[in-house]
Amino acid sequence: MSELLASDLITPDAGETPLLSLPSISILKAAPLTRLSLRCREAAQKDAGAAFGAELPLSPLSNSTAAKRAALWMGPDEWTLLAPEDDLRTVFDGIEEKLSAQPHALVDISDRSEAVIVSGDKAVWLLNTGIFIDFSLELFPVGTVTRTLFHKAPVMIWRTGPDTFVVEAWVSFMEYVAGLLVQSAGELEAA
Amino acid sequence: MLLIYCPYCQVERAETEFACRGEAHIARPADPSQTTDEEWVEFLYMRDNTKGIAAERWRHIHGCGRFFNAVRDTVSDNFLKFYKAGEPKPDLEALAKEAGK
Ligand SMILES: [Zn+2]
């Protein structure tokens with residue numbers, strides 16, 4: 001997985017057994033992360049990026065990464081910032097200090113969602129069992145990040161490799177999302 | 001299913017990601033304390049309910065979360081224009097003509 005974007009950040013949770021492990025697809029629970037929601041105007045974007053350690057991406061649905069940092073575009077004035085679990089205090093306080101004179105909202109949402117890593121030849125096929133998005137590499141290149149719906153649950157999809165996606169859902173929806181992914185993948189086993 | 005273009009995400013997505021929030025370009029009275037009950041009723045409840053070309057507010061609720069506006073033919077469901085919140089109301093007649101209505 002070393003060639004993947006953010007492979008130092010999004011890692012399988014070593015303590016968890018794989019949700020699914022087939023030759024053509026695997027679904028692994030991701031290890032806990034620091035997740036911050038940042039909302040601010042243009043004037044604060046540069047400072048926020050400098051304090052965080054990765055600049056805030058400005059084009060829609062894009063990401064920017066640095067060592068152990070990822071900033072994901074959620075909206076024109078909204079980003080999700082990812083860092084290792086233990087860096088929460090450092091990152092949070094660093095941004096607050098730098099932005100102390102500028103209007104902004106920084107919220108710790110680390111425990112709001114969980115992530116699974118869906119990877120393999122059939123990853124796109126599997127996601128499309130519940131998502132109406134064209135995941136071809138021309139339209140949804142590596143690095144693209146978006147919120148959308150998986151069946152009836154809101155999810156965040158981040159493509160970290162040609163055949164690898166991070167799928168985040170709110171904690172109480174994860175059983176539904178992961179459950180449906182595993183169930184739909186059952187079709188591959190039958191074939 | 002309708003395909004809707006979000007001017008913030010700059011992509012076309014399925015209708016299920018969006019919520020329609022009714023007629024667009026309805027200005028809130030600038031000074032509510034000086035507004036009569038009739039004017040307040042007009043602002044809160046009275047809508048054109050256009051049959052034909054209308055400007056509506058939409059929200060990309062399961063995407064970027066932003067509100068934007070769209071011009072839609074309420075008869076055919078055909079969208080004629082998508083634009084960001086805060087941009088002026090387009091000339092609906094001109095858009096209708098362009099679309100051959
Ligand atoms: Zn959007």
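Each chain gets a letter, A, B and so on, in the order the sequences are listed, and its residues count up from 1.
By the side chain to side chain contact (heavy atoms under 4.5 Å, CB included) test, D48(B) pairs with E23(B), T50(B), sequence neighbours left out. For A48(A), the side chain to side chain contact (heavy atoms under 4.5 Å, CB included) partners two or more places apart in sequence, or in a different chain, are L38(A), L56(A), L99(A).
Both L19(A) and V167(A) are part of a single hydrophobic cluster, where members link through side-chain heavy atoms under 4.5 Å apart. Cluster membership check: L61(A) does not share its hydrophobic cluster with I131(A), using side-chain heavy-atom separations under 4.5 Å among Ile, Leu, Val, Met, Phe, Trp and Tyr. Connection of V116(A) to V155(A) is established within a shared hydrophobic cluster, with ILVMFWY side chains joined at heavy-atom distances below 4.5 Å, either directly or through further cluster members. Taking hydrophobic clusters as Ile, Leu, Val, Met, Phe, Trp and Tyr residues chained together by side-chain heavy-atom distances below 4.5 Å, F18(B) does not share a cluster with M74(A). Side-chain heavy atoms closer than 4.5 Å link hydrophobic residues (I, L, V, M, F, W, Y) into clusters, and following such links, possibly through other members, connects F140(A) to V118(A).
Residues of residues 28-47 of chain B lying under 4.5 angstrom from chain A, judged on non-hydrogen atoms, do not exist.
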Donor-acceptor table for chain B and chain A, threshold 3.5 Å:
{"from": "R13(B)", "atom 1": "NH1", "to": "T146(A)", "atom 2": "OG1", "distance (Å)": "3.0"}
{"from": "R13(B)", "atom 1": "NH2", "to": "T146(A)", "atom 2": "OG1", "distance (Å)": "3.2"}
{"from": "E17(B)", "atom 1": "OE2", "to": "T148(A)", "atom 2": "OG1", "distance (Å)": "2.5"}
{"from": "H62(B)", "atom 1": "O", "to": "T148(A)", "atom 2": "N", "distance (Å)": "3.4"}
{"from": "G63(B)", "atom 1": "O", "to": "R147(A)", "atom 2": "NE", "distance (Å)": "2.7"}
{"from": "G63(B)", "atom 1": "O", "to": "R147(A)", "atom 2": "NH2", "distance (Å)": "3.2"}
{"from": "C64(B)", "atom 1": "O", "to": "R147(A)", "atom 2": "NH2", "distance (Å)": "3.4"}
{"from": "R66(B)", "atom 1": "NH1", "to": "D77(A)", "atom 2": "OD1", "distance (Å)": "2.6"}
{"from": "R66(B)", "atom 1": "NH2", "to": "E78(A)", "atom 2": "OE1", "distance (Å)": "2.7"}

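In plain terms, the two heavy atoms of C64(B) and G75(A) that are nearest each other are CB-CA, 3.9 Å.
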